[in-house]
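Here's the structure we're looking at; comments come further down.
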Amino acid sequence: MKENLLQIRNLGVEFQTEDGVFRAVDDVSFSIDKGQTLALVGESGSGKSVTALSVLQLLPYPRARHTPGSSIVFNGQEIIGTTEPVLRALRGRRIGIIFQEPLTALNPLHTIEKQIAEPLLIHQKMPAAKARARVLELLHLVELDTLKDRLDAYPHQLSGGQRQRVMIAMALANNPDLLIADEPTTALDVTVQAQILELLKKLQTELGMALLLITHDLSIVRKMADHVCVMKSGKIVEQNTTAALFAQPQHVYTKTLLNASPSPLHSGEGDARSASGEGTLIEAQNVSIHFPKTKTFFGGIKTVVKAVDDVSFTLNKGRTLGVVGESGSGKSTLGLAILRLLKPQGRVVFQGNDIVGLPQKTLRPLRARMQIVFQDPYGSLSPRMPVRDIIAEGLRVHQPHLNATHRDTAVIEALQSVRMDPATRYRFPHEFSGGQRQRIAIARALVLKPDLIVLDEPTSALDVSVQAQIVDLLRDLQQQRGLSYIFISHDLRVVQALAHDLIVMKDGRVVESGPAASIFTNPQQLYTKALLDAALNLKAA
C-alpha cells in the first residue's frame with residue numbers, strides 16, 4: 001500500500017501587482033506518494049514553478065499570498081502558515097530543490113565546494129573532512145569527476161551544464177524525502193541528460209525519494225513520471241497516469257502539447273530555403289581560446305585549458321551553423337570568441353573585417369550587426385530595468401538619433417515578433433516566467449536588425465509548443481531578412497529543425513563538420529553517433 005508524502009489541496013496563489021491582483025495558481029490539487037514521480041507540465045507562465053515554490057514557501061511574501069482554503073501537507077504536517085524554524089528544518093534536509101537557472105541560484109562569491117557542502121554543515125553538522133568526502137561523492141554521482149581537482153572553482157568558471165549538475169549535487173546532499181526538480185536537465189546535453197535521469201531513478205529506488213518534476217520536455221515526462229498534471233493559466237486541466245495520458249489525452253490543450261514539435265528543416269521546404277544563402281558572412285580560421293590553469297612561482301603560465309582549439313568554419317549569408325557537443329566542449333566559448341567578447345587567437349573575418357585585431361573603437365560599429373542571445377536569460381537581463389529599457393538599450397547606443405517614440409515603436413515590434421504582449425514592456429524581468437524571459441532576450445537581439453545572431457541555447461527554457469513557435473519565427477526572420485545564425489544547443493531535435501550546416505565539438509576541437517542533413521542521417525565519427533543515439537533513445541523512451 002502506497003504511503004502519501006505530499007498532499008496539495010485547493011492551492012491558490014495571488015500576487016499584488018501595480019495593475020491589481022493577479023492569480024497565478026487557481027484551485028490546484030494533487031498528491032505524491034513516497035517514491036513516486038509526478039510531473040507538472042504546461043507552457044511558460046502556466047503556474048508550474050509557482051506551485052512548486054509554494055511547497056517550500058519560497059514565494060515573495062507578503063506580495064504573494066495564498067487564497068483561503070489552500071493547503072499543503074508534507075508528511076502529515078501543514079506547511080502553509082507554519083513557523084520559520086519548521087521551514088528551515090525542511091528546506092534542504094527533507095525537501096531538496098533544483099532551480100531552473102543555476103547561474104542565478106548559485107552564489108557567485110563562493111566556490112563550488114563551499115556551496116555543495118553548505119547543506120551538510122547546516123543540517124548534519126558534519127566535520128570539514130567528512131563534508132569534503134561527501135562533496136567528492138556527490139560530484140561523482142552527477143558525473144562531474146573532472147571538477148574533483150577544481151573544488152575552488154566559482155560558478156562563472158563552469159559551463160551551463162556543469163553549473164546545473166552542481167545544483168543537483170547540492171539538492172541531493174542530504175538524501176531528501178522529496179526532490180523538487182524545476183527543469184533539472186534544461187542546460188544539459190543529451191548524453192548527460194540520460195545520465196542524470198538514470199541517476200534520479202536510481203536514487204529514487206535506493207532512497208524511496210519522491211520527485212516533483214517540472215519540465216517542458218514531454219520525452220522526459222514519458223521516461224520519468226508515474227503521474228502527470230497538465231497546467232494552463234494556473235489551473236490543472238488534466239491529470240492522469242503517464243501511460244493513460246500519453247495514450248488517450250482528453251483535454252484539447254494536452255493534445256496540443258503532445259502534437260507540438262519543431263518540423264525538421266531538411267524536408268522539401270527546408271532544402272529550398274537552405275539554397276538561398278549567397279556570399280560569405282563570417283570566416284573563422286584556426287580560432288583558439290586557451291585559459292591559464294596553473295602558473296609558475298613568478299606568475300608565468302605553466303599549463304592551460306584549451307577551451308577552443310584550432311577551430312575553422314565558414315558561414316554564408318542567410319544560413320544557420322549548428323554547434324553541438326557535450327557540456328564543456330567549448331561551444332559557448334567559441335560563440336563568444338566569434339563576437340570578440342573573448343579575444344581569440346587566429347582569424348575571424350566578419351563582413352570583410354578581421355575583428356580579432358581591431359581596436360574597440362573600430363569594432364564598435366560592427367557590433368550592431370552581430371548580436372547574441374545568452375543561455376541564461378535571467379542572468380543576462382538587468383533586474384533593475386523594465387523590459388522596454390532592456391530591449392531599447394542597444395538602440396540608444398547604436399542609433400542615438402532615434403527619439404523616444406521611435407524607440408518605443410521598435411520595442412513594440414520586437415516584442416510582437418517573439419509573440420509577447422507589448423503591454424508587458426513596463427514590467428521587470430523577475431515578473432516573467434523563464435520562457436518569457438528567454439523571448440525577451442531574443443527580442444533584444446532582434447531590435448537592431450543584425451546580420452548575425454549567435455543563439456546560445458535560445459530554446460532551452462521554453463516548453464515544446466513555444467519551441468516550435470520560436471523555431472518557426474527564426475526561420476521566417478532568416479528568410480525575410482537574410483539573417484545568419486550560429487545556433488549552439490544540446491537539443492538535437494531543435495538543431496535539426498534549424499541548422500543547414502553542423503559542427504560537432506568535443507574537448508574544444510571539431511570532431512566532425514559538414515551539411516547538417518548528411519551528419520544527422522549518416523554520422524561518420526563514433527562521438528557523433530553516440531550523441532545522436534543518446535538523443536534518439538531519450539526521445540523514444
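Note that the coordinates shown come from a computational prediction; the quantities given were computed from them, not determined experimentally.
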Approximate separation, where rounding is to 0.5 Å, of [X] [atom1] and [Y] [atom2]:
X    : Y    : atom1 : atom2 : value
I453 : M370 : CD1   : CE    : 12.0 Å
T104 : H430 : OG1   : NE2   : 13.5 Å
I488 : K331 : CD1   : NZ    : 8.0 Å
I486 : L315 : CD1   : CG    : 5.5 Å
Q438 : S380 : CD    : OG    : 7.5 Å
N316 : L281 : CG    : CG    : 8.5 Å

Treating [X] as the side-chain partner and [Y] as the backbone partner, does any N or O pair qualify as donor plus acceptor under 3.5 Å?
X    : Y    : answer
Q525 : E512 : no
K48  : G42  : yes
R150 : K148 : no
N107 : L109 : yes
Q157 : Y154 : yes
R367 : L339 : yes
S489 : E457 : no
R340 : L358 : yes
R163 : P155 : yes
R369 : K449 : yes

Please name the pair of heavy atoms, one in [X] and one in [Y], separated by the smallest distance, quoted to 0.1 Å.
X    : Y    : result
I519 : S513 : CD1-C, 3.7 Å
A499 : A516 : O-CB, 3.4 Å
S382 : P429 : O-CG, 3.4 Å
I289 : P344 : CD1-CA, 3.4 Å
V308 : L334 : CG2-N, 3.7 Å
I282 : I338 : CD1-CG2, 3.1 Å

For the residue pair [X] and [Y], establish whether any side-chain heavy-atom pair is separated by less than 4.5 Å.
X    : Y    : value
L381 : R444 : yes
L531 : V504 : yes
T320 : D501 : no
I180 : I98  : no
V324 : I503 : no
R319 : S484 : no
L446 : V418 : yes
V311 : S288 : no

Legend entry - Residues E283, Q285; criterion side-chain hydrogen bond (donor to acceptor under 3.5 Å, both in side chains); working and verdict: CA-CA 7 Å; E283 184 176 5; Q285 298 175 355; 3.0 Å; yes

Legend entry - Residues D408, R425; criterion salt bridge (Lys or Arg N to Asp or Glu O under 4.0 Å); working and verdict: CA-CA 9 Å; D408 198 47; R425 66 189 184 278; 3.0 Å; yes

Inset, instruction - Have a look at P458 and tell me which of Y485, F374, F487 forms a side chain to side chain contact (heavy atoms under 4.5 Å, CB included) with it. - result: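 With P458 as partner, Y485, F374, F487 yield a single side chain to side chain contact (heavy atoms under 4.5 Å, CB included), made by F487.
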
For [X], look at atom [atom1] and say whether over 12 heavy atoms of other residues, nucleotides or ligands are found less than 6.0 Å away.
X    : atom1 : result
K201 : NZ    : yes
R132 : CZ    : no
Q351 : CD    : yes

Inset, instruction - For side-chain hydrogen bond (donor to acceptor under 3.5 Å, both in side chains), just list the numbers for D152 and T111, CA-CA rounded to whole Å, side-chain angles, deciding distance to a tenth of an Å, and then say yes or no. - result: CA-CA 5 Å; D152 59 347; T111 65; over 6 Å; no

Inset, instruction - List in chain and number order the residues that pass salt bridge (Lys or Arg N to Asp or Glu O under 4.0 Å) with R364, two or more places apart in sequence or in another chain; answer none if no residue qualifies. - result: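 R364 satisfies salt bridge (Lys or Arg N to Asp or Glu O under 4.0 Å) with no residue once adjacent residues are dropped.
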
Inset, instruction - Carefully, step by step, assess I97 and D182 under the rule side-chain contact (heavy atoms from CB on, under 4.5 Å). - result: CA-CA 8 Å; I97 185 167; D182 191 353; 5.6 Å; no

Inset, instruction - Please step through side-chain contact (heavy atoms from CB on, under 4.5 Å) for the pair F313 and V323, ending with a clear verdict. - result: CA-CA 11 Å; F313 65 83; V323 184; over 6 Å; no

Inset, instruction - Please assess T333 against F291 for the test side-chain contact (heavy atoms from CB on, under 4.5 Å), listing each intermediate value before the final yes or no. - result: CA-CA 11 Å; T333 304; F291 296 111; 4.3 Å; yes

Inset, instruction - Under the side-chain contact (heavy atoms from CB on, under 4.5 Å) rule, what do L448 and Q399 come out as? Steps first, then yes or no, please. - result: CA-CA 9 Å; L448 286 170; Q399 299 179 29; 3.8 Å; yes

Legend entry - Candidate pair K223 and E198, rule salt bridge (Lys or Arg N to Asp or Glu O under 4.0 Å), full reasoning: CA-CA 10 Å; K223 183 181 181 70; E198 288 302 321; 3.5 Å; yes

Inset, instruction - Start with the C-alpha gap between D451 and K317, add the side-chain angles, then the distance that decides, and say whether salt bridge (Lys or Arg N to Asp or Glu O under 4.0 Å) holds. - result: CA-CA 8 Å; D451 300 310; K317 296 175 183 178; over 6 Å; no

